[in-house]
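Predicted model only: the values in this text are computed from it and were never measured. First the proteins, then the strands, lettered A, B, ... as listed; each starts at 1.
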Number of protein chains: 2
Amino acid sequence: MAPGRGDLIPDELIADVFDRACHSREILEHVTARWGVLALAALSEQPFRFNALRRKIDGVSEKMLAQTLQALERDGFVHREARPTIPPHVEYTLTPMGRELAGRLVALIEHVESLVPEVEQARTRYDRG
Amino acid sequence: MAPGRGDLIPDELIADVFDRACHSREILEHVTARWGVLALAALSEQPFRFNALRRKIDGVSEKMLAQTLQALERDGFVHREARPTIPPHVEYTLTPMGRELAGRLVALIEHVESLVPEVEQARTRYDRG
DNA sequence: CTGTATCCTCTCTGATACTG
DNA sequence: CAGTATCAGAGAGGATACAG
């Protein structure tokens, strides 16, 4: 995170919104990352197996999907249920914490989405001026 | 955004959450970016001049702050008021749209922040298993 | 089927130095 | 004061091949 902070400054001195944001930065990066957002949104609809999720999230590579799911599982937002069959059968679901977060995230995205026309106008103005 | 989409597929066919998220992806990246979050949070407290903001957001480089502010200004979230004096006096404020968005963003960050302990436990469990 | 491992490219980021 | 220009390192992301 912030170079030279967090590691060096005692917790008692860390108090304002910037340092708090710094603490949650890594989590926020996982959930707002390109594929993190889409994985959470997909799983908030229904559970998915790996390749089904990969087809649902069009354009994601195996590597990035695996990486994304591992990060979200490690953070406790996604639950991975592997049945030791042959061939392997793995199902991904959201944990309660993951569902709560995904809901808020989707709400933010929908708000941003509603802003798209206004943002496009602003960009046009900016690029002209 | 998603390679091979957006540019190639007519708008009428783009409808689900993934494509919508794709549309707002660039905006979301600006506002959830490391320095984007902090700039919006700082400006939601009060207006700032460039170097004051740089001191407030400890650890940001001139280059990244300039880049961040330009992106947010172009998107219409930040207003830049330059008084043509010598030396230059430039003040950054949030637009109404920026204030609304910053509020929601801060709410999300605070929720994520409240999850930090639970996430840390989840990580410990994951790393042990 | 569900991933890992490897390689390679490209962007993001920060330090440094310079301009109006 | 408020930036821009340039450079180099680190990491994100993707294509491909392979493993259990």
Review point. Between L108(A) and V116(A), is there a shared hydrophobic cluster once you connect ILVMFWY residues whose side-chain heavy atoms come closer than 4.5 Å?
Key: yes

Check your understanding: How do Q67(A) and R80(B) order along DNA chain D: which one's closest nucleotide is nearer the 5' end?
Key -> R80(B)

Exercise for review: Could you list all the salt bridge (charged side-chain N to carboxylate O under 4.0 Å, His left out) pairs where at least one residue sits in residues 118-127 of chain A, not counting sequence neighbours?
Suggested key: R123(A)-E26(B), R123(A)-D75(B), D127(A)-R74(B)

Extract all donor-acceptor atom pairs below 3.5 Å that involve side chains of residues 89-98 of chain B and protein atoms in other chains or at least two apart in sequence.
from	atom 1	to	atom 2	distance (Å)
H89(B)	ND1	R49(B)	NH1	3.2
H89(B)	NE2	R83(B)	NH2	3.0
Y92(B)	OH	R80(B)	NE	3.4
T95(B)	OG1	G76(B)	O	2.7
T95(B)	OG1	F77(B)	O	3.3
T95(B)	OG1	G98(B)	N	3.0

Check your understanding: How far does the helix from dC1(C)-dG20(D) to dG20(C)-dC1(D) bend, going by the axes of its first and last five pairs, to the nearest 10°?
Key -> 50°

Study note, to complete from the structure: Residue pair P88(A)/V60(A) against DNA chain D: nearer the 5' end by closest nucleotide is V60(A)

**Study point:** salt bridge (charged side-chain N to carboxylate O under 4.0 Å, His left out) involving E100(B) - partner list, sequence neighbours excluded
**Key:** R104(B)

Review point. Can you name the residues that form a side chain to side chain contact (heavy atoms under 4.5 Å, CB included) with S61(A), not counting sequence neighbours?
Key: K63(A), M64(A)

Check your understanding: Can you tell me if the side-chain N/O atoms of R34(A) get under 4.0 Å from OP1 or OP2 in dT11(C)?
Key -> no

Point to revise | dG3(C) OP1/OP2 closer than 4.0 Å to side-chain N/O of R49(A) | key: no

Revision key, fill the gap. Whole-Å distance, H89(A) NE2 to dT2(C) P, equals 7 Å

Exercise for review: For I57(B) and dA2(D), give me the distance from atom CD1 to atom P, rounded to whole Å.
Suggested key: 14 Å

**Study point:** Between dG13(D) (C1') and E29(B) (CD): distance, integer Å
**Key:** 12 Å

Check your understanding: So does Y92(B) get a side-chain nitrogen or oxygen closer than 4.0 Å to the phosphate oxygens (OP1/OP2) of dC1(D)?
Key -> no

Review point. If you measure only the distance, is there a donor-acceptor pair under 3.5 Å linking the side chains of H111(A) and E113(A)?
Key: no

Exercise for review: Return no unless some side-chain N or O of R55(A) is found under 4.0 Å from OP1 or OP2 of dC1(C).
Suggested key: no

Filtered N/O pairs between nucleotides 4-9 of chain C and protein, under 3.5 Å:
from	atom 1	to	atom 2	distance (Å)
dT4(C)	OP1	Q70(A)	NE2	2.8
dT4(C)	OP2	Q70(A)	NE2	3.4
dT4(C)	O4	E62(A)	OE1	3.2

Practice item. Answer with base, sugar-phosphate or nothing: what part of the nucleic acid does R54(B) contact at a heavy-atom distance below 4.0 Å? Key: nothing

